[in-house]
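Quantities reported herein were computed from a predicted structural model and do not represent experimental measurements. Because only heavy atoms are used, hydrogens play no part in the values below, and waters and symmetry mates are left out as well, while side chains stay in. Counting starts at 1 for both ligands and their atoms, following the listed order.
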Amino acid sequence: MITRILPPTDAAIAEAAALIRAGELVAFPTETVYGLGADGLNREAVAKIFQAKGRPGDNPLILHISALDQIAPLIACELSSVAKKMADAFWPGPLTMIFPKSARVPENVSAGLSTVAIRFPAHPDAQRLIAAAETPIAAPSANRSGKPSPTTANHVFEDMDGRIPLILDGGECLVGVESTVVDMTGPVPHILRPGGITAEQIAQVAGASEVDSAVMRPLAEGEKPRSPGMAHRHYAPNGQLTVFTGDSDRVIQRIQSEYDCAKANGSRPLILSMEAHVASYGDRRIESLGADETAMAHRLFALLRDADHMEADVLFAEGVEAKGVGLAVMNRLGRAAAFHIVEV
Ligand code: AMP
Ligand code: MG
């Protein structure tokens, strides 16, 4: 199959929507990362997503909508007043909410769970595509399973060339990490995956929020996660990544000595540091993660892919405090590092 990349002109959106309606896959930009979309009400189309990504069948997908009135047929209850407030405050935007599912949602979208995840993305091209397709679009991130999520059309092409007919190129994604996933089936919004909408913002709107305990630790052997995606290997670069947290002077010193040691052993190390610390590492090989947590979220996945192109076999990253958007950054860094996080 030839994989084309098109700018999101009206003609390209119409062609993409026709592909979706015909049960084919289209990759498209959102404000978080690129999505790999299929008609979310078509079981066979959805199955193609799992195949193209190499995604385990037990990891459910998010249904993307472009208007609030598309929700009612997908869920088995009324929206609670808290869910309405959250939709008001954060939609369209990088927030996914989980509700009891209706019978209209195919089993493979929810990977057999009784719930369904729904998002109303803010990206105008995503909205145009969903509206033109006239169906909710099921879409996970458009990477091969286990790889860092794609934040440019070229990243998608790297992973999906020959597997899908069309990639809509809407430029670089603004947020850079996937949506905040919140389970709305309990009394308090329960954050299963941190993202651009923070726990603090959700608590302000909903009165309270809680963060799942598995967000910042590996699952124990045999432990069943509240979100299936937590159980899977994620975001990993080819090289072995270690994250260092704590006092920044000590972190810099420790990374310098780990780097020099790796280099002396014949490895090809790479440092990922905060912008302000780049000069402290002298002429060691380094990439800047950016000036703050928001910039880090925006760049992280692209840097992990760059690290592979640079053939880095050992990576040392500076961590940040796990609050605000920093929680999403540390969750992705932690998973990319298989939770090799060292407090110095
Ligand atoms: P992706 O779109 O690739 O970022 O993956 C979607 C994420 O949402 C995965 O981590 C899923 O496990 C999670 N997810 C989707 N639907 C549900 C659900 N019904 N319950 C819990 N987590 C879900
Ligand atoms: Mg993903």
Legend entry - Closest approach of any protein heavy atom to atom 2 (O) of ligand 1, naming residue and atom: P140 CA, 3.0 Å
Inset, instruction - May I ask you to check whether over 12 heavy atoms, not counting those of E321, lie within 6.0 Å of atom CD? - result: no
Legend entry - Main-chain N/O of P8 paired to R128 side chain as donor or acceptor, under 3.5 Å: yes
Legend entry - Side-chain (E318) to main-chain (M274) donor-acceptor, under 3.5 angstrom: yes
Inset, instruction - Can you pull out the closest protein heavy atom to atom 22 (N) of ligand 1? Residue, atom name and distance to 0.1 Å, please. - result: S227 OG, 2.8 Å
Inset, instruction - Say whether N143 and S141, considering side chains only, have a donor N or O and an acceptor N or O under 3.5 Å apart. - result: yes
Legend entry - Structural part of T96 in contact with ligand 1, heavy atom criterion under 4.0 angstrom: neither
Legend entry - Numbering as shown, the atoms of ligand 1 that approach L113 to under 4.0 Å (heavy-atom distance): 18 (C), 19 (N), 20 (N)
For residues 74-98, dump all side-chain donor-acceptor pairs below 3.5 Å to protein atoms at least two apart in sequence or in another chain.
residue, atom, partner, partner atom, Å
S80, OG, A83, N, 3.0
W91, NE1, L95, O, 2.8
T96, OG1, S179, OG, 2.8

Legend entry - Heavy atom of the protein closest to atom 14 (N) of ligand 1 (residue, atom name, distance): P60 CG, 3.7 Å
Legend entry - Proximal ligand 1 atoms for P228, defined as those under 4.0 Å from one of its heavy atoms: 12 (O), 21 (C), 22 (N)
Inset, instruction - Please collect all salt bridge (charged side-chain N to carboxylate O under 4.0 Å, His left out) contacts where either partner lies in residues 241-267, sequence neighbours excluded, each pair once. - result: R254-E258, D260-R284
Inset, instruction - May I ask you to decide whether K53 forms a salt bridge with D159, counting only side-chain N to carboxylate O separations under 4.0 Å? - result: no
Legend entry - Closest non-hydrogen atom pair, R335 against G229: NH1-O, 4.1 Å
Legend entry - Element-labelled atoms of ligand 1 that are located less than 4.0 Å from some non-hydrogen atom of I98: 17 (C), 18 (C), 20 (N), 21 (C), 22 (N), 23 (C)
Legend entry - Heteroatom proximity flag, R226 to ligand 1, N/O under 3.5 Å: no
Legend entry - Atoms of ligand 1 close to L192 [distance to a heavy atom under 4.0 angstrom, numbered from 1]: 21 (C)
Legend entry - In one Ile/Leu/Val/Met/Phe/Trp/Tyr side-chain cluster, 4.5 Å: L327, V33: yes
Legend entry - Donor on one side chain, acceptor on other, T32 and R119, under 3.5 Å: yes
Legend entry - Pairs where residues 234-276 contributes a residue and the test ring-ring contact (aromatic ring centres under 6.0 Å, His included) is met, not counting sequence neighbours: Y235-F301
Legend entry - Residue and atom name of the nearest protein heavy atom (relative to atom 11 (C) of ligand 1), distance in Å to one decimal: N59 OD1, 3.2 Å
Inset, instruction - Report, as yes or no, whether the 6.0 Å neighbourhood of atom CD on Q204 holds more than 12 heavy atoms from other residues, nucleotides or ligands. - result: no
Legend entry - Nearest option to atom 4 (O) of ligand 1, as decided by whichever heavy atom of H234, K101, R193 sits closest: R193
Legend entry - Heavy-atom nearest option to atom 5 (O) of ligand 1, drawn from E178, K53, R55: R55
Legend entry - Protein residue, atom and distance nearest to atom 10 (O) of ligand 1, heavy-atom basis: G229 CA, 3.6 Å
Inset, instruction - Enumerate the atoms of ligand 1 whose separation from the nearest heavy atom of T115 is less than 4.0 angstrom. - result: 18 (C), 19 (N), 20 (N)
Inset, instruction - Return the number of protein N, O or S atoms with a distance to the Mg ion (ligand 2) smaller than 2.8 Å. - result: 1
Inset, instruction - Quick one: look at V33 and ligand 1, take heavy-atom pairs under 4.0 Å, and tell me if it's side chain, backbone, both or neither. - result: neither
Inset, instruction - Answer with yes or no whether S110 contacts ligand 1, where contact means a heavy atom under 4.0 Å from a ligand atom. - result: no
Inset, instruction - May I ask you to say whether E24 pairs ionically with K48, meaning some side-chain N is under 4.0 Å from a carboxylate O? - result: yes
